[in-house]
Amino acid sequence: MIASMWLWLAACDGTGVEDGDTVVTDTTDVDQDGQPDPLAPARSCDAVVTWKGSPGVDVSVAGKFNEWLPRAMSDTTGQGDYALNLGPLRPGAWPFKFVFDAQRGAATWETPPADVYTMFEEGIENRALYVGDCSVPSLRVVNAAGAAAGTASATVQFERAASGANLDLSSVEATFGSTPAVVDYDAATGVLTLTATGLAPGKHSLRVVAADLDGLVAEQGSVFAPVWVEDTPFDWSQGVMYYAFLDRFRDGGPSGHPASTPGAITGTDYMGGDLVGALEVLESGWFDDLGVRSIWLSPVQDNPEGSFIGTGGYFYTGYHGYWPVGPRAVEGRLGADGVDGEAALHAFIEAAHARGIRVLFDVVLNHVHEEHDYLQSHPEWFSAAPCPCTSDPGACNWDSNPIGCWFTDYLPDLDYKNHDIVEQLVADARWWIETFDVDGFRVDAAKHMDHVILRTFSMRMRDLYETPTGVEFYKVGETFTFLNNQGLIMDYVSDHELDGQFDFPLYYAFRDAASRGAWDEVSRQAWGAKNRYGAFVHRMSPFMGNHDVSRIATDVQGCPNWALFGGCGDAMAQPGAIVGAQWDVINKLSAVYTVVATMPGVPLLYYGDEVGLAGAGDPDNRRLMSWEIPTQAQQELLDRMRAVGTVRTQHRALQVGEWKELWVGGDDDLFVYARDAGGGDVALVAVRLDRTGGPRSQRVPIPAELGIDGSTFQDALGSGASVTVSGGAIDLVLNPYERRVFVR
């Protein structure tokens with residue numbers, strides 16, 4: 001049952017013109033015989049709604065366009081292909097529903113399915129019919145792609161306004177990245193064929209603008225499509241995703257902003273990290289060495305000056321980025337050393353793309369800061385008086401009323417039952433994507449918003465960017481939850497909503513393993529992920545730390561994990577020979593991270609965990625990263641983290657293989673599993689914690705279905721160890737905290 005949701009209407013014309021560096025050729029050559037160019041397809045001004053069902057169904061359409069009075073649809077083919085021409089409608093979004101048996105006097109109004117565009121009208125969710133403006137031309141990317149040989153091509157459809165002029169070829173501007181495209185134009189079909197050659201490896205997104213001979217610019221203004229030139233197709237699961245918490249990452253120089261904020265203290269104030277510093281880290285190869293293929297940047301939107309009351313009664317600044325005050329402005333503090341924030345952001349993304357690394361923006365859709373432009377200009381876009389979120393039972397609990405409660409009184413929630421704010425936030429997101437050529441979004445506080453915004457976001461990204469190119473715009477959400485709650489995670493994940501989420505149930509199991517020295521909870525949560533997430537398990541993100549929870553290095557040292565400003569030392573920062581407390585951090589973190597980095601999904605590494613950075617609860621878990629020469633302990637942990645991240649990038653089985661548990665029993669300290677990509681492409685992962693203090697020998701059964709009996713596997717982490725599958729099993733010998741990733 002499908003309704004036509006998008007009605008974009010269009011235009012064309014052509015003579016050979018060279019405009020600057022964009023070369024445009026009319027392939028019809030119709031002007032040579034003195035005859036006028038043919039008229040290309042024109043947009044229709046009629047809005048048509050369609051529905052697919054069975055023959056003989058009494059189905060009608062009712063919407064705001066007909067005062068919600070059901071109007072019967074016709075089966076246009078006799079095969080259940082129903083349609084209704086609504087005639088010309090004002091451009092914009094119109095709420096409507098399908099109604100069944102209305103003509104028979106027993107009307108049943110549908111509940112819109114989850115996989116269509118929807119909008120609210122007077123508190124009721126309906127389908128959304130989008131109607132374009134037929135009085136202007138239209139531009140649409142049909143397909144676009146890059147090739148390993150350094151070439152890129154695209155097809156773009158131009159349609160005339162309903163009664164308008166042909167395409168003005170002199171108006172066409174088309175580029176792949178910074179490279180002008182060669183444009184061939186067929187005036188009879190309105191098709192623009194675009195090509196470019198000599199492109200370096202990296203991202204070269206398509207941008208096209210055009211107008212007709214009457215000077216009317218295409219309704220879309222410009223069209224954009226992500227295009228990559230690379231040897232092998234990218235998959236987000238190929239390597240590690242790194243969370244760079246910018247203000248606490250690396251200081252690239254003075255920013256011109258005040259060094260301190262009245263009211264704020266160390267830990268709640270800005271510390272000077274910026275995008276210039278992050279670029280230095282990128283260009284040093286730090287991320288490459290860790291097997292990083294994608295980087296999640298903390299929010300880059302402009303945040304308020306000054307400080308505001310927060311956890312523990314302390315005053316906090318917007319150093320974290322989660323208090324946006326403007327929809328389309330980059331935080332100035334992220335620039336440094338004479339480079340403004342916007343230029344620094346462009347430079348960072350361009351450098352990442354040149355290395356084949358994807359960049360995700362952290363988008364805040366649940367709320368804004370009270371100083372935000374929209375609160376001043378559109379107070380109707382926000383929900384009612386605040387109900388502060390709390391962990392206490394009752395109407396304002398984080399979990400029982402996640403949409404109704406506000407984080408705090410100066411962070412008003414957006415009300416997505418008002419469709420105007422849905423469209424505005426989508427338009428703002430498109431501006432960030434197309435201005436900075438970003439590759440994905442990390443969506444903050446997913447469970448605190450109505451599904452309508454996440455679905456609209458995701459389907460619009462799919463329709464505009466993914467479908468024409470096959471390039472996945474990764475959308476990973478944050479739904480803070482606990483053990484055994486995979487169902488809540490999946491509430492927001494589907495083909496028409498988020499691609500994946502951070503796997504909090506698995507996170508708590510990882511932390512449990514580090515503290516108890518046993519893998520049983522990890523096994524339970526991994527099975528929960530496999531069974532509940534299905535194919536989406538490969539788009540979830542396993543992790544062992546982030547900016548909202550205490551540092552794993554601090555937990556394993558036994559420091560109270562919610563002590564705001566510590567009192568927690570940093571054992572790993574102590575110079576000299578590695579001592580017992582440091583070995584404890586090194587061994588436990590590297591063991592847990594080996595599992596994180598070899599599980600299905602897109603493994604996350606929180607900045608600083610690669611060197612065992614300490615920190616209790618927020619904001620202590622956001623300490624400034626030290627870039628001095630690391631201690632011996634930090635170097636040892638860093639080497640281990642680099643090794644396992646690199647292995648992830650090198651073996652397809654670790655990226656896309658099905659997870660199959662091979663060994664864990666009770667509160668066992670040994671965890672063994674396979675990643676099976678089929679056809680004998682298998683990796684075997686074995687990680688031991690420590691419950692006995694001595695070497696352990698274990699014969700581990702290997703299922704015949706893996707098809708690897710008789711095969712020998714070598715440890716990719718460099719220990720020199722190997723195992724041979726013989727008689728349906730392997731014989732393992734592991735000392736405490738030893739890790740093996742066996743590959744053929």
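Residue numbers run from 1 in the order of the sequence given.
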**Student:** Going by atom types alone, do Tyr474 and Arg442 pair a side-chain donor with an acceptor below 3.5 Å?
**Tutor:**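 No donor-acceptor contact under 3.5 Å links the two side chains.
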
**Student:** Backbone N or O of Gly272 within a donor-acceptor pair of the Asp247 side chain at under 3.5 Å?
**Tutor:**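 Here the side-chain-to-backbone pair exists.
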
**Student:** Taking all non-hydrogen atoms of both residues, which atom of Val359 and which atom of Val438 are closest, and how far apart?
**Tutor:**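 Closest approach of Val359 to Val438: O-CG2, 3.1 Å.
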
**Student:** Would you say the side chain of Glu350 lies within less than 4.5 Å of the side chain of Phe436, judging by non-hydrogen atoms?
**Tutor:**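 No. Closest side-chain heavy atoms not under 4.5 Å.
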
**Student:** List the residues meeting side chain to side chain donor-acceptor pair (under 3.5 Å) with Asp274, not counting sequence neighbours, and say none if there are none.
**Tutor:**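 Residues passing side chain to side chain donor-acceptor pair (under 3.5 Å) with Asp274: none at all.
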
**Student:** Got a donor-acceptor contact below 3.5 angstrom from the Glu478 side chain to the Ala445 backbone?
**Tutor:**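 Present.
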
**Student:** Do you see a donor-acceptor pair shorter than 3.5 Å between the side chains of His538 and Asp235?
**Tutor:**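 No, no side-chain donor-acceptor pair sits under 3.5 Å.
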
**Student:** Would you name the heavy atoms of Ala513 and Val522 that are closest together and state the gap between them?
**Tutor:**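 Scanning both residues completely, I find the closest heavy atoms to be CB-CG2, 4.0 Å.
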
**Student:** Please report the shortest heavy-atom distance between Asp437 and Ile349, naming the atom on each side.
**Tutor:**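 Of all heavy-atom pairs spanning Asp437 and Ile349, the closest is O-CG2, 4.0 Å.
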
**Student:** With heavy-atom distances below 4.5 Å as the criterion, would you say the side chains of Trp519 and Val687 are in contact?
**Tutor:**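 Yes - at least one pair of side-chain heavy atoms lies under 4.5 Å apart.
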
**Student:** Using a cut-off of 6.0 Å, state whether more than 12 heavy atoms not belonging to Glu628 lie near its atom CD.
**Tutor:**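 Not buried by this count: 12 neighbours or fewer within 6.0 Å.
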
**Student:** I want to know whether Trp398 and His448 have ring centres closer than 6.0 Å.
**Tutor:**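 For Trp398 and His448, the ring centres are under 6.0 Å apart.
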
**Student:** Please report whether the ring centroid of Phe441 lies less than 6.0 Å from that of Phe473.
**Tutor:**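 Here the rings of Phe441 and Phe473 have centres that are less than 6.0 Å from each other.
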
**Student:** Going by atom types alone, do Ser260 and Asp269 pair a side-chain donor with an acceptor below 3.5 Å?
**Tutor:**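 Side-chain D/A pair, Ser260 to Asp269: absent.
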
**Student:** Could you check whether any side-chain N or O of Ser458 sits under 3.5 Å from a backbone N or O of Arg455, counting only pairs where one atom can act as donor and the other as acceptor?
**Tutor:**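 Side chain of Ser458 to backbone of Arg455: no pair is present.
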
**Student:** Would a distance-only check, ignoring hydrogens and angles, find a side-chain to backbone donor-acceptor pair under 3.5 Å from Gln635 to Pro630?
**Tutor:**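 Looks like no, no N/O pair under 3.5 Å.
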
**Student:** Does the cation-pi check pass for Arg551 over Tyr607, that is, NZ or CZ under 6.0 Å from the six-membered ring centre and within 45° of its axis?
**Tutor:**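 Judged by the rule, Arg551 and Tyr607 form a cation-pi pair.
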
**Student:** Without hydrogens or angle criteria, can the side chains of Gln525 and Gln486 be said to hold a donor-acceptor pair below 3.5 Å?
**Tutor:**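 Indeed, the side chains of Gln525 and Gln486 share at least one donor-acceptor pair under 3.5 Å.
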
**Student:** Just checking, is any N or O donor in the side chain of Gln501 or Thr479 under 3.5 Å from an acceptor N or O on the other one?
**Tutor:**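 Side chains of Gln501 and Thr479: pair found under 3.5 Å.
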
**Student:** Check this for me: does any side-chain nitrogen of one of Arg333 and Glu305 sit under 4.0 Å from a carboxylate oxygen of the other?
**Tutor:**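 Salt bridge: yes.
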
**Student:** Donor-acceptor check, side chain of Glu283 to backbone of Glu280, threshold 3.5 angstrom: yes or no?
**Tutor:**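 Between the backbone of Glu280 and the side chain of Glu283 there is no qualifying donor-acceptor contact (under 3.5 Å).
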
**Student:** Under the side-chain contact (heavy atoms from CB on, under 4.5 Å) criterion, do Trp236 and Leu360 qualify, and how do the steps go?
**Tutor:** CA-CA 11 Å; Trp236 289 85; Leu360 295 94; 3.5 Å; yes

**Student:** With rounding to the nearest 0.5 Å, note down the distance linking CG in Asp548 to OH in Tyr606.
**Tutor:**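 One finds 8.0 Å between CG of Asp548 and OH of Tyr606.
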
**Student:** Side-chain contact test, heavy atoms from C-beta onward, threshold under 4.5 Å: evaluate it for Asn546 versus Phe502 and give yes or no.
**Tutor:**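 A side-chain contact under 4.5 Å is absent here.
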
**Student:** Quick check for you: to the nearest 0.5 Å, what is the distance between Thr646 atom OG1 and Met641 atom CE?
**Tutor:**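 It is 12.0 Å, given to the nearest 0.5 Å.
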
**Student:** What's the verdict on side-chain contact (heavy atoms from CB on, under 4.5 Å) for Ile586 and Ile578, showing C-alpha distance, side-chain angles and the deciding distance?
**Tutor:** CA-CA 10 Å; Ile586 292 166; Ile578 302 174; 3.9 Å; yes

**Student:** Using a 3.5 Å cut-off and no angle test, enumerate the donor-acceptor pairs between side-chain atoms of residues 402-413 and protein atoms at least two apart in sequence or in another chain.
**Tutor:**
{"from": "Trp406", "atom 1": "NE1", "to": "Ser383", "atom 2": "OG", "distance (Å)": "2.9"}
{"from": "Tyr410", "atom 1": "OH", "to": "Ile309", "atom 2": "O", "distance (Å)": "2.5"}
{"from": "Asp413", "atom 1": "OD1", "to": "Asn366", "atom 2": "ND2", "distance (Å)": "3.4"}

**Student:** When the ring centroid of Tyr242 is compared with that of Trp286, is the distance short of 6.0 Å?
**Tutor:**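 Tyr242 vs Trp286: aromatic centres not under 6.0 Å.
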
**Student:** Within the side chain of Glu466, is there an N or O that forms a donor-acceptor pair under 3.5 Å with the backbone of Glu472?
**Tutor:**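 No; zero donor-acceptor contacts below 3.5 Å.
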
**Student:** Looking only at the side chains, is there a donor atom on one of Tyr322 and His547 sitting less than 3.5 Å from an acceptor on the other?
**Tutor:**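 Yes, His547 and Tyr322 have a side-chain donor paired with an acceptor closer than 3.5 Å.
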
**Student:** Between Tyr374 and Asp428, is any side-chain donor less than 3.5 angstrom from a side-chain acceptor?
**Tutor:**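 Judged by distance alone, the side chains do pair up.
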
**Student:** So how far is it from Asn303 CG to Thr317 OG1, rounded to the nearest 0.5 Å?
**Tutor:**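 One finds 8.5 Å between CG of Asn303 and OG1 of Thr317.
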
**Student:** Centroid separation under 6.0 Å, is that true for the rings of Phe482 and Tyr508?
**Tutor:**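 Between Phe482 and Tyr508, which both carry aromatic rings, the centre distance is below 6.0 Å.
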
**Student:** Could you walk me through whether Glu497 and Phe457 pass the side-chain contact (heavy atoms from CB on, under 4.5 Å) test, one step at a time?
**Tutor:** CA-CA 8 Å; Glu497 203 158 348; Phe457 241 69; over 6 Å; no

**Student:** Between Phe504 and Phe480, how do the two ring planes meet: parallel, tilted or perpendicular, split at 30° and 60°?
**Tutor:**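 Plane angle between 30° and 60°, so tilted.
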
**Student:** Do the side-chain N and O atoms of Ser550 and Asp555 include a donor-acceptor pair separated by under 3.5 angstrom?
**Tutor:**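 The criterion, which ignores hydrogens and geometry beyond distance, is satisfied for Asp555 and Ser550.
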
**Student:** Relative to Tyr319, does Arg248 satisfy both conditions: NZ or CZ under 6.0 angstrom from the six-membered ring centre, and within 45 degrees of the ring's axis?
**Tutor:**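 Flagged: Arg248 positioned over aromatic ring of Tyr319.
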
**Student:** When you measure from the side chain of Thr268 to the backbone of Phe315, do you find a donor-acceptor pair of N or O atoms at a distance under 3.5 Å?
**Tutor:**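 Side chain of Thr268 to backbone of Phe315, a donor-acceptor pair under 3.5 Å: yes, one is there.
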
**Student:** Going through the distances and angles, do Leu275 and Val339 end up as a side-chain contact (heavy atoms from CB on, under 4.5 Å)?
**Tutor:** CA-CA 10 Å; Leu275 284 159; Val339 180; over 6 Å; no

**Student:** Measure from the side-chain N and O atoms of Thr261 to the backbone N and O of Ala264, and report whether any donor-acceptor pair falls under 3.5 Å.
**Tutor:**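 No; zero donor-acceptor contacts below 3.5 Å.
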
**Student:** Is the shortest side-chain heavy-atom distance between Leu637 and Glu610 below 4.5 Å?
**Tutor:**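 A side-chain contact is absent here, since even the closest heavy-atom pair is not under 4.5 Å.
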
**Student:** Minimum heavy-atom separation for Phe234 to Gly356, with atom names?
**Tutor:**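 Nearest pair, atom of Phe234 first, then Gly356: CE1-O, 4.4 Å.
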
**Student:** Rounded to the nearest 0.5 Å, what separation is found between the CG atom of Leu506 and the CE atom of Met544?
**Tutor:**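 The CG atom of Leu506 sits 12.5 Å away from the CE atom of Met544.
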
**Student:** Report yes if some heavy atom in the side chain of Val476 is under 4.5 Å from a heavy atom in the side chain of Leu498; otherwise report no.
**Tutor:**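 The answer is no, as the side chains (C-beta and beyond) never meet within the 4.5 Å cut-off.
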
**Student:** Check this for me, if you would: do Lys447 and Asp491 make a salt bridge, where the nitrogen-to-carboxylate-oxygen distance has to be below 4.0 angstrom?
**Tutor:**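 Salt bridge flag = no for Asp491 with Lys447.
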
**Student:** Contact between Pro603 and Met241 at the side-chain level, heavy atoms closer than 4.5 Å - yes or no?
**Tutor:**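 No, too far: nothing below the 4.5 Å cut-off.
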
**Student:** Can you find a pair of side-chain heavy atoms, one from Val611 and one from Met625, that are under 4.5 Å apart?
**Tutor:**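 Val611 vs Met625: side chains touch.
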
**Student:** What do the steps show when you test Phe308 against Trp323 for ring-ring contact (aromatic ring centres under 6.0 Å, His included), and what is the final call?
**Tutor:** CA-CA 11 Å; Phe308 300 82; Trp323 297 346; 5.7 Å; yes

**Student:** Tell me whether Arg328 is salt-bridged to Asp373, with the criterion being a basic N under 4.0 Å from an acidic carboxylate O.
**Tutor:**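 Answer for the salt bridge query: no.
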
**Student:** What I want to check is whether the side chains of Tyr465 and Glu434 have a donor and an acceptor closer together than 3.5 Å.
**Tutor:**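 Side-chain D/A pair, Tyr465 to Glu434: present.
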
**Student:** Is there a side-chain contact between Arg358 and Ile295 (heavy atoms, below 4.5 Å)?
**Tutor:**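 Heavy-atom side-chain distance check fails, nothing below 4.5 Å.
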
**Student:** Measure the OG1-CD distance between Thr435 and Glu342 for me, rounded to the nearest 0.5 Å.
**Tutor:**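 Answer rounded to 0.5 Å: 7.5 Å.
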
**Student:** Which value, rounded to the nearest 0.5 Å, describes the distance between Arg460 atom CZ and Thr456 atom OG1?
**Tutor:**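 If I round to the nearest 0.5 Å, the distance is 6.5 Å.
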
**Student:** With no hydrogens and no angle check, just 3.5 Å: does a side-chain donor-acceptor pair link Asp362 and Ser298?
**Tutor:**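 No.
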
**Student:** Look only at the side chain of Asp499 and the backbone of Arg539, and say whether a donor-acceptor pair between them is shorter than 3.5 Å.
**Tutor:**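 Such a contact is absent between Asp499 side chain and Arg539 backbone.
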
**Student:** Grab the two heavy atoms, one from Pro304 and one from Glu371, that are nearest each other, plus how far apart they are.
**Tutor:**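 That would be CB-OE1, 3.6 Å.
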
**Student:** Under the 3.5 angstrom rule, does the side chain of Asp503 hit a backbone N or O of Ser541 as a donor-acceptor pair?
**Tutor:**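 Checked: no pair found.
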
